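The next block holds one structure in the form of structure tokens; read it before the comments.
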Amino acid sequence: MSKIIKIIQERQSARVPYDSNRQIPKDALKKILEAAKWTPTAHNMQNFEIIVVDDKVMLEKIGNIKSRISEEFLRENYEQLSFSKEELLKKKTGILGAMFPPDWVDPKKMAEAARKAEPMPLTQSIRGSPTLLIVVYDSRKRAPASHGDVLGFISLGCLMENMWLMAQSLGVSFHILSSFSAPPIESEIKKLFGVPECMKIAFTCRLGYPTGASKYLRVRRDIEDFTHHNKYGNKGI
Ligand SMILES: Cc1cc2nc3c(=O)[nH]c(=O)nc-3n(C[C@H](O)[C@H](O)[C@H](O)COP(=O)(O)O)c2cc1C
């Protein structure tokens, strides 16, 4: 029990460069995929396929894809940012804006920066990762009677967490790259890997071993903030 909570608490987004020369051992990769295999999914749909990319040429080809950060992302991302440690500790949700370029602190400057920004190659997202897992799902299907396939998406979230916790337990760093699901990048990646038209990228994760420490402020709400005892609004237990 204590081991599980330790792994859950220590799991984190390792947004740092990884050592491109240090491969993920096959055995560790298999364990991460075994954790994927046992994911709970709505109606046991197992609504995912995973493309394991560890071929240097393919990684380089992905790295050469260029993309521009979307204004929509920046605008909505802004709402989740705090601009000081004190603000973040008080809010208990979101992330610290200090992780981003100084211009992003102001929403107008942020939008302007996005408009002016040159498209960036994805090497800057992959940052040395020797292995990427690209998770795709069939967009034509949904969990039975699930409006907006919310149950299907929850299932994909369970998959993400299963793999992430297993990676954590093995000492393998893990970082989600949602940008690979954004339309221009997604279509390039699908072309590169021969992914059928009906499939969509749910998420991509980079695995690896960091070249430096991944230290940043992680906050969470208290249990009393999100728990409602027997009646909505009756906070705590
Ligand atoms: C569905 C989902 C999408 C995410 N997308 C990204 C992403 O594109 N880039 C990123 O750096 N982190 C991404 N994250 C990681 C979250 O930002 C992170 O889990 C959250 O800030 C809490 O930090 P922690 O993982 O270190 O505990 C994503 C997480 C989830 C669950």
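Treat the numbers as computed from the prediction; the structure is a model and nothing was measured. Start at 1 and go down the list; that is how both ligands and their atoms are numbered.
In this structure, K141 and D138 have side chains that are in contact, with non-hydrogen atoms separated by less than 4.5 Å.
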L159 and I50: side-chain contact (heavy atoms from CB on, under 4.5 Å), yes or no, with the steps? CA-CA 10 Å; L159 168 69; I50 303 173; 4.3 Å; yes
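Which of R11, R15, H175, E161 comes nearest to atom 17 (O) of ligand 1 through a heavy atom is settled by distance: it is R15.
The closest protein non-hydrogen atom to atom 18 (C) of ligand 1 is S13 OG, 3.4 Å. Distance from atom 28 (C) of ligand 1 to its nearest protein heavy atom, with residue and atom name: I176 CB, 3.9 Å.
The atoms of ligand 1 that sit less than 4.0 Å from any heavy atom of S178 are 3 (C), 4 (C), 5 (N), 6 (C), 7 (C), 8 (O). For ligand 1 and I95, the ligand atoms under 4.0 Å from any heavy atom of the residue are 21 (O).
Remark: distances from the non-hydrogen atoms of M160 to ligand 1 include one below 4.0 Å.
The shortest N/O to N/O separation between Y216 and ligand 1 falls below 3.5 Å.
Of the possible donor and acceptor atoms, none in the side chain of S129 sits under 3.5 Å from a partner among the backbone N and O of G208.
Residue contacts with ligand 1 for R220 involve side-chain atoms from C-beta outward but no N, CA, C or O (heavy atoms, distance under 4.0 Å). Contact annotation for F203 and ligand 1: no heavy atom of the residue comes within less than 4.0 Å of the ligand.
Considering all non-hydrogen atoms of both residues, N162 and P40 come closest at ND2-CD, 4.3 Å.
Ring geometry, W164 versus F174: the interplanar angle falls under 30°, so the pair is classed parallel (tilted spans 30 to 60°).
Checked for salt-bridge contact, K116 and E112 meet the test: a charged N lies under 4.0 Å from a carboxylate O. A salt bridge links K92 with D222: the distance from a Lys NZ or Arg NE/NH1/NH2 to an Asp or Glu carboxylate oxygen falls below 4.0 Å.
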